[in-house]
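Once you've had a glance at the structure underneath, I'll fire off some questions.
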Amino acid sequence: EVQLEESGGGFVQAGGSLRLSCTGSGFTFDNYAIGWFRQAPGKKRVGVGCISSKDGHTYYADSVKGRFTISSDNAKNTVYLQMNNLKPDDAAVYYCGVTVGLHLSATTTACTYPYEVWGQGTQVSVSS
């Protein structure tokens, strides 16, 4: 069974940093695309960025470009979301989703993958 688990959320002041982790199990961690999304109270879930294992390429939403970085450690079955210079608008529950198997590069798809499985989410709170 494919599963994902996010961790690393917390409370920070504006300008601070957090690193979220998305750890996968139940699939071969060398052929996947993982996306990060966030959902603030009363708002829709929106994409933050993604990474494709095929080529290691990443793609980011304009709102986080230059502040957030996605990376992977396949030996640990984990994808990271490094978030720097956090703003109050970044506060949300952050989720990761995965599509397993053959996939196009993140730069080709702009993260529009058919995500099959989602984690339970991790809360990020940012004070002004």
Side-chain angles (χ1 to χ4, degrees):
E1 181 186 4
V2 175
Q3 293 183 325
L4 296 176
E5 182 174 4
E6 302 95 339
S7 61
F11 179 88
V12 295
Q13 292 186 330
S17 298
L18 281 174
R19 188 179 76 161
L20 306 184
S21 299
C22 173
T23 301
S25 61
F27 62 98
T28 302
F29 214 82
D30 62 358
N31 191 17
Y32 64 87
I34 283 181
W36 282 99
F37 292 75
R38 65 187 182 187
Q39 187 168 17
K43 296 187 177 180
K44 294 182 179 179
R45 186 177 298 190
V46 296
V48 173
C50 65
I51 186 167
S52 49
S53 68
K54 166 182 175 177
D55 49 18
H57 287 184
T58 55
Y59 182 90
Y60 301 94
D62 287 344
S63 60
V64 305
K65 203 172 293 183
R67 298 187 299 123
F68 290 12
T69 303
I70 297 173
S71 62
S72 64
D73 185 339
N74 289 348
K76 295 183 178 180
N77 287 11
T78 301
V79 167
Y80 301 100
L81 177 65
Q82 177 67 45
M83 305 185 295
N84 298 327
N85 190 21
L86 282 161
K87 304 175 180 179
D89 285 349
D90 294 319
V93 177
Y94 282 71
Y95 300 89
C96 59
V98 65
T99 184
V100 178
L102 188 65
H103 61 275
L104 298 174
S105 174
T107 50
T108 299
T109 66
C111 305
T112 56
Y113 295 108
Y115 298 100
E116 303 156 11
V117 173
W118 296 86
Q120 82 290 348
T122 186
Q123 177 72 50
V124 172
S125 301
V126 185
S127 67
S128 57

Handout entry: Audit row: Asn84, Ser17, side chain to side chain donor-acceptor pair (under 3.5 Å) steps and yes/no
Key = CA-CA 4 Å; Asn84 298 327; Ser17 298; 2.9 Å; yes
Exercise for the section: Determine whether Tyr60 and Cys111 make a side-chain contact, defined as any pair of heavy atoms from C-beta on separated by less than 4.5 Å. Expected result: no
Exercise for the section: State, with a plain yes or no, whether a side-chain heavy atom of Val98 is found less than 4.5 Å away from one of Tyr115. Expected result: no
Handout entry: Contact summary for Ala91 and Ser125, nearest pair of heavy atoms
Key = CB-CA, 4.2 Å
Practice task
Check the pair Trp36 / Ile70 against side-chain contact (heavy atoms from CB on, under 4.5 Å), numbers first and verdict last.
Solution key: CA-CA 9 Å; Trp36 282 99; Ile70 297 173; 3.8 Å; yes
Completion exercise
For Leu18 and Leu86 the tightest heavy-atom approach is N-CD1, 3.9 Å
Exercise for the section: Compute both the distance and the angle, then confirm whether Arg45 meets the cation-pi test with Phe37: under 6.0 Å from the six-membered ring centre, within 45 degrees of the axis. Expected result: no
Handout entry: Sub-4.5 Å side-chain heavy-atom contact between Cys22 and Glu5
Key = no
Handout entry: Crowding at CD, Gln120 (>12 non-hydrogen neighbours, <6.0 Å)
Key = yes
Completion exercise
What one should report as the nearest heavy-atom pair of Asn85 and Arg67 is O-NH1, 3.0 Å
Exercise for the section: Verify side-chain contact (heavy atoms from CB on, under 4.5 Å) between Thr122 and Ser7, making sure each step is shown before the conclusion. Expected result: CA-CA 6 Å; Thr122 186; Ser7 61; 5.6 Å; no
Exercise for the section: Can you see which heavy atom on Ala92 is nearest to which on Ala40, and at what distance? Expected result: CB-N, 3.8 Å
Handout entry: Lys/Arg-Asp/Glu bridge criterion (N-O < 4.0 Å) met for Asp90, Lys87
Key = no
Exercise for the section: Indicate whether the side chain of His57 and that of Ser105 have a donor and an acceptor atom separated by less than 3.5 Å. Expected result: yes
Exercise for the section: For the pair Ile34 and Cys96, evaluate side-chain contact (heavy atoms from CB on, under 4.5 Å) and give the outcome as yes or no after the intermediate values. Expected result: CA-CA 7 Å; Ile34 283 181; Cys96 59; 4.2 Å; yes
Exercise for the section: Please report the C-alpha distance between Thr23 and Thr78 in whole Å, then the side-chain angles of each, then the deciding distance to 0.1 Å, and finally whether the side chain to side chain donor-acceptor pair (under 3.5 Å) criterion is met. Expected result: CA-CA 4 Å; Thr23 301; Thr78 301; 3.1 Å; yes
Practice task
Test side-chain contact (heavy atoms from CB on, under 4.5 Å) on Val126 and Phe11 and set out the steps.
Solution key: CA-CA 6 Å; Val126 185; Phe11 179 88; over 6 Å; no
Exercise for the section: Group every Ile, Leu, Val, Met, Phe, Trp and Tyr by side-chain heavy-atom contacts under 4.5 Å, then state whether Trp118 and Leu20 land in the same group. Expected result: no
Practice task
Verify whether one side chain among Thr28 and Asn31 offers a donor that lies under 3.5 Å from an acceptor in the other.
Solution key: no
Practice task
Taking the side chain as every heavy atom from C-beta outward, state whether Tyr95 and Arg38 have any atom pair closer than 4.5 Å.
Solution key: no
Exercise for the section: Give, for atom OG of Ser71 and atom OH of Tyr80, the distance between the pair rounded to the nearest 0.5 Å. Expected result: 7.0 Å
Exercise for the section: Verify the distance criterion only: is there a donor paired with an acceptor across the side chains of Tyr32 and Asn77 at less than 3.5 Å? Expected result: no
Completion exercise
One should read off an interatomic distance between Gln123 CD and Gln39 CD, to the nearest 0.5 angstrom, of 11.0 Å
Exercise for the section: Could you label the plane-to-plane angle of the Phe29 and Phe27 rings as parallel, tilted or perpendicular, counting under 30° as parallel and over 60° as perpendicular? Expected result: tilted
Fill in the blank from the handout: For Ala14 and Ser128, the nearest pair of non-hydrogen atoms, with its separation, is CB-CA, 4.3 Å
Exercise for the section: Drop me the distance from Asp73's CG to Ser21's OG, to the nearest 0.5 angstrom. Expected result: 10.0 Å
Practice task
Starting from the C-alpha separation in whole Å, work towards a yes-or-no answer on side chain to side chain donor-acceptor pair (under 3.5 Å) for Gln13 and Ser127.
Solution key: CA-CA 5 Å; Gln13 292 186 330; Ser127 67; 4.7 Å; no
Completion exercise
Smallest heavy-atom separation, Val79 atom then Ser72 atom, equals CG2-CB, 4.0 Å
Exercise for the section: Can you establish whether the number of heavy atoms outside Lys65 located under 6.0 Å from its atom NZ is more than 12? Expected result: yes
Problem - His103 and Lys54, any side-chain heavy atoms less than 4.5 Å apart - result: yes
Practice task
Please work out whether the ring planes of Phe68 and Tyr94 are parallel, tilted or perpendicular, with thresholds of 30° and 60°.
Solution key: tilted
